[in-house]
Trainee: 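A single structure is presented below for examination.
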2 protein chains.
Amino acid sequence: MERNLATTIFESLASGVRLDVFRLLVKKGAEGLVAGEIASTLELPPTNLSFHLKALTQAGLLTVTQEGRFQRYRANIPLMLELINYLTEECCAGHPEQCADLRAASFCADAVLPVESADSPTEIQQGDSA
Amino acid sequence: MERNLATTIFESLASGVRLDVFRLLVKKGAEGLVAGEIASTLELPPTNLSFHLKALTQAGLLTVTQEGRFQRYRANIPLMLELINYLTEECCAGHPEQCADLRAASFCADAVLPVESADSPTEIQQGDSA
DNA sequence: TTAATAATTCAACTATTGTTGTATAGTTAA
DNA sequence: TTAACTATACAACAATAGTTGAATTATTAA
C-alpha cells in the first residue's frame, strides 16, 4: 500500500460522520444500505451525507452499486485489512511472528460480495478520479 | 471505545508525517526511539516533529518516557487493537463469527513494555490534558 | 554558575477541510 | 412530456490543521 492511500483512508475515518457511516455499513455487511437509508438512520442532511460518502468512496473504503434510482453503499473490508498490514510491516524490531495473528486475520471477508438484485447493478469505481 | 477517541486516533494518522512516525515506532517495537533519532531518521525539523509527536501522544497512540534529557517514544499497540474492535462491533449483520480472527488478534502486544534503562525512566501520561 | 544540548511551546502565516443552500443530473410513473 | 423523487455537484463561508522561526524549559557537563 502507498503512503498516500493510507493517509487518505485515515483521513476519511477522521470525521465523526464518516466513522458512523463506515461502522454502520460494516454492521450491515453484504447487504449494505442505499444513501437515503444512511441519511435517515444517522439523521443527516442529504447534501452533507453526500459529501462524506464521496470522501469515503474516493478513499476506497466504500463501494457503490446503482439500483434503479438508488445508490447502494457497502464497506470495503479487504482494504481495511491491507491498511492493517501496512501498519505492521517489519513490526517489532525483527520479531514479525508477534504480529502473525493479526496479519492473517480475515475480518469479514465476505462483506464485499454484492447482493443480487433485479436491476443487475453495475459497479461504479470512484477510486481516484480526482 | 468512545467515538471521539476513535476519530482522534484516525486524525492523528491522517498525516504523512505522523503515519511515518507511527510506523517507524511500530518497527522499533519495545525499544522505541528518542525524539532526536526520529527527527534524523525522517529528516524533519525538530519543531515540526514535536508538533506531530504531541498529536500522536495526545491521541494515545504513542507513550513517552523521560530518560535524562531525552524523551523516548513507543507505539501503543493495544490501543490500535481496541480501535479495530470498535470498527468491527456488531459486524456483518449478525454474523460476528466472521470477524473472530481479527478481534482475537494479539498484534505485537509486548511492544508497550518499557525497556530497562540506567536512568529509571518515569512514565509521562499525556493522554487528554488539553 | 555557566555553557551546551534536547525538546517543546508560542505566535504568525498559509493551506486545507466541513457545512449549508441552491442548482443540476438521472430515474420512475402518470 | 410532465411531475415527483433520489442523489450528487457547485459555490460561499466558517472553522480547523500544518509549517516555520524565535523564545523557553529542562538536563548535563565543565
Side-chain angles (χ1 to χ4, degrees), chain A residues 3-4 7-21 25 32-59 62-74 117-122 124-126 129-130, chain B residues 3-4 7-21 25 32-59 62-74 117-122 124-126 129-130:
Chain A
R3 191 180 80 148
N4 280 348
T7 56
T8 300
I9 294 171
F10 284 124
E11 188 181 321
S12 76
L13 292 172
S15 138
V17 171
R18 292 195 293 270
L19 184 56
D20 286 346
V21 170
L25 290 172
L33 286 175
V34 300
E37 291 170 329
I38 301 171
S40 59
T41 301
L42 301 180
E43 299 181 342
L44 290 170
T47 307
N48 194 13
L49 176 63
S50 191
F51 171 80
H52 291 296
L53 286 175
K54 184 179 175 183
L56 284 162
T57 306
Q58 286 187 342
L62 302 186
T63 60
V64 196
T65 55
Q66 186 150 12
E67 295 181 5
R69 73 178 97 172
F70 299 89
Q71 302 272 105
R72 183 167 297 271
Y73 287 88
R74 293 183 182 89
S117 143
D119 292 307
S120 65
T122 8
I124 298 177
Q125 280 300 355
Q126 262 179 261
S129 55
Chain B
R3 191 179 81 148
N4 280 348
T7 55
T8 300
I9 293 171
F10 284 125
E11 187 183 321
S12 77
L13 292 172
S15 140
V17 170
R18 291 195 293 269
L19 185 55
D20 286 345
V21 170
L25 290 173
L33 286 175
V34 301
E37 291 170 331
I38 301 171
S40 60
T41 302
L42 301 179
E43 297 181 343
L44 291 169
T47 305
N48 193 15
L49 175 64
S50 191
F51 171 81
H52 291 295
L53 287 175
K54 184 179 176 183
L56 284 162
T57 306
Q58 285 186 342
L62 302 186
T63 61
V64 196
T65 55
Q66 186 151 11
E67 296 182 3
R69 73 179 97 175
F70 301 89
Q71 303 273 107
R72 183 167 298 270
Y73 288 87
R74 294 183 181 90
S117 143
D119 293 309
S120 63
T122 9
I124 297 176
Q125 280 303 354
Q126 259 179 262
S129 55

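Each chain gets a letter, A, B and so on, in the order the sequences are listed, and its residues count up from 1.
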Trainee: Without decimals, in angstroms, what is the distance between A:F70 CZ and D:dT8 P?
Mentor: 12 Å

Trainee: A:L49 has an atom CG; how far is it from atom C1' of D:dA9, in whole Å?
Mentor: 14 Å

Trainee: Report all side-chain donor-acceptor pairs from residues 7-15 of chain A shorter than 3.5 Å, counting only partners two or more places apart or in another chain.
Mentor:
from  : atom 1 : to    : atom 2 : distance (Å)
A:T7  : OG1    : A:R3  : O      : 3.3
A:T7  : OG1    : A:N4  : O      : 2.9
A:T8  : OG1    : A:N4  : O      : 2.7
A:S12 : OG     : A:I9  : O      : 2.7
A:S15 : OG     : A:V17 : N      : 3.3
A:S15 : OG     : A:R18 : N      : 3.2

Trainee: In this structure, how many angstroms lie between the P atom of C:dT5 and the CD atom of B:Q71, rounded?
Mentor: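 Rounded to whole Å, this separation is 19 Å.
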
Trainee: Please report the interatomic distance CD(A:Q71) to CG(A:L53), rounded to the nearest 0.5 Å.
Mentor: 9.5 Å

Trainee: B:S50 side chain: which of D:dT8, C:dT8, D:dT27 is closest?
Mentor: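 Among the listed nucleotides, the one closest to the side chain of B:S50 is C:dT8.
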
Trainee: Tell me, do B:V21 and B:L62 make a side-chain contact under 4.5 Å, heavy atoms counted?
Mentor: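 Contact flag for B:V21/B:L62 side chains = yes.
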
Trainee: What one-letter contact string describes nucleotides 15-25 of chain C from 5' to 3', where B marks a base within less than 4.0 Å of any protein heavy atom, S marks contact via sugar-phosphate atoms alone, and - marks no contact?
Mentor: --SSBBBB---

Trainee: Just how far, in rounded Å, is P of C:dA6 from CD1 of B:I38?
Mentor: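 B:I38 atom CD1 is separated from C:dA6 atom P by 14 Å.
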
Trainee: Starting the side chain at C-beta, find the nucleotide from D:dT8, C:dT28, C:dT9 nearest to A:A35.
Mentor: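 Side chain of A:A35 sits closest to D:dT8.
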
Trainee: Tabulate below the donor-acceptor pairs under 3.5 Å that side-chain atoms of residues 33-41 of chain A make, not counting sequence neighbours, or state none.
Mentor:
from  : atom 1 : to    : atom 2 : distance (Å)
A:E37 : OE1    : A:V34 : N      : 3.0
A:S40 : OG     : A:G36 : O      : 3.2
A:S40 : OG     : A:E37 : O      : 3.1
A:T41 : OG1    : A:E37 : O      : 2.7

Trainee: Does C:dT8 have OP1 or OP2 under 4.0 Å away from a side-chain N or O of B:Y73?
Mentor: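 True: B:Y73 side-chain N/O within range (under 4.0 Å) of C:dT8 OP1/OP2.
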
Trainee: Could you give the angle between the helix axes at the two ends of the helix from C:dT1-D:dA30 to C:dA30-D:dT1, with five pairs per end, rounded to 10 degrees?
Mentor: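 The value is 30°.
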
Trainee: If you only use heavy atoms from C-beta on, which nucleotide in D:dT27, D:dC5, D:dA7 is closest to the side chain of B:R69?
Mentor: D:dT27

Trainee: Between atom CG in B:L33 and atom P in C:dA6, what is the gap in whole Å?
Mentor: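 Checked: the CG to P distance equals 15 Å.
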
Trainee: Taking the minimum atom-to-atom distance to the side chain of A:K54, which one of C:dA7, D:dA9, C:dT9 wins?
Mentor: D:dA9

Trainee: Could you state the CD-P distance from A:E67 to D:dA7, rounded to the nearest angstrom?
Mentor: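 One finds 11 Å between P of D:dA7 and CD of A:E67, rounded.
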
Trainee: Could you check how far CD of B:E37 sits from C1' of C:dA6, rounded to whole Å?
Mentor: 12 Å

Trainee: Can you measure from CG (B:L25) to CG (B:D20) and round to the nearest 0.5 angstrom?
Mentor: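 Going from CG on B:L25 over to CG on B:D20, the span is 11.0 Å.
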
